[in-house]
Amino acid sequence: MKIKPIAANQTELHDSSGTIVLFSYETPVAAILPSGRAVRTATKYSVTTTKHINKWLQAMGNVDTVEQDFIFGLVKQYISNRG
């Protein structure tokens with residue numbers, strides 16, 4: 001597990017499975033899964049958070065939009081695996 005600040009108010013969580021989750025401020029909002037699939041939240045947050053997501057995913061090409069609960073689930077899974 002690795003927590004990596006990447007810019008102001010932006011952090012990546014890297015887990016042992018290869019999943020990378022982007023946090024904007026304190027909220028997980030996008031992820032790259034071990035399969036290479038990129039996902040972003042369908043929930044609308046601030047203009048700044050949208051910019052964080054767009055910049056982080058800009059090189060990914062095809063990005064799927066998922067419910068916020070899917071991204072919360074990735075973080076929950078990480079926490080469960082640590083215990």
Side-chain angles (χ1 to χ4, degrees):
M1 181 281 299
K2 181 177 172 185
I3 297 173
K4 179 180 171 186
I6 58 170
N9 301 311
Q10 297 174 67
T11 305
E12 290 178 345
L13 171 68
H14 296 247
D15 76 11
S16 60
S17 74
T19 299
I20 305 169
V21 178
L22 172 69
F23 284 74
S24 177
Y25 298 94
E26 297 177 359
T27 306
V29 292
I32 300 171
L33 307 178
S35 66
R37 177 182 177 213
V39 297
R40 66 183 296 146
T41 183
T43 301
K44 300 299 180 198
Y45 289 105
S46 69
V47 170
T48 303
T49 292
T50 300
K51 287 179 184 179
H52 292 169
I53 295 168
N54 290 341
K55 182 176 181 183
W56 194 69
L57 293 171
Q58 69 186 357
M60 292 305 298
N62 188 30
V63 177
D64 295 326
T65 301
V66 297
E67 294 300 319
Q68 181 63 44
D69 283 344
F70 179 86
I71 298 173
F72 282 145
L74 295 173
V75 176
K76 247 179 139 171
Q77 181 178 352
Y78 163 77
I79 292 168
S80 295
N81 290 340
R82 292 196 72 213

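Just so we're clear, the structure is a prediction, and the values are computed from it rather than from any experiment.
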Side-chain donor-acceptor distances from residues 23-33 under 3.5 Å, at least two apart:
residue: Ser24; atom: OG; partner: Thr49; partner atom: OG1; Å: 2.9
residue: Ser24; atom: OG; partner: His52; partner atom: ND1; Å: 2.6

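Looking at Arg40 and Trp56, their side chains never come closer than 4.5 Å, going by heavy atoms from C-beta outward. Ile6 has its side chain within reach of Leu22: a pair of non-hydrogen atoms, C-beta onward, lies under 4.5 Å apart.
The CZ atom of Phe72 sits 7.5 Å away from atom OG1 of Thr43, with the distance rounded to the nearest 0.5 Å.
Ile79 and Val21 fall within a single hydrophobic cluster, where Ile, Leu, Val, Met, Phe, Trp and Tyr side chains are chained together by heavy-atom contacts under 4.5 Å. Hydrophobic clustering, with ILVMFWY side chains joined whenever heavy atoms are under 4.5 angstrom apart, keeps Ile71 apart from Val63. When the side chains of ILVMFWY residues are joined at heavy-atom separations under 4.5 Å, either directly or via intervening members, Ile3 and Ile20 end up in two distinct hydrophobic clusters. Val75 and Tyr45 are assigned to two separate hydrophobic clusters, defined by single-linkage of ILVMFWY side chains at heavy-atom distances under 4.5 Å. Linking ILVMFWY residues whenever their side-chain heavy atoms come closer than 4.5 Å, directly or via other members, places Val39 and Leu13 in the same cluster.
The minimum heavy-atom distance linking Met60 with Gly36 is given by the pair CE-O, 3.7 Å. Taking all atoms of both residues into account, the shortest heavy-atom contact from Pro34 to Thr19 is CD-OG1, 3.2 Å.
Here the side chain of Asn54 pairs no donor or acceptor atom with the backbone of Leu57 at under 3.5 angstrom.
By the 6.0 Å contact criterion, CD on Glu67 is open, its count of non-hydrogen atoms from other residues, nucleotides or ligands being 12 or less.
Using modelled atom types, one finds no donor on one side chain facing an acceptor on the other under 3.5 Å when comparing Ser46 with Thr48.
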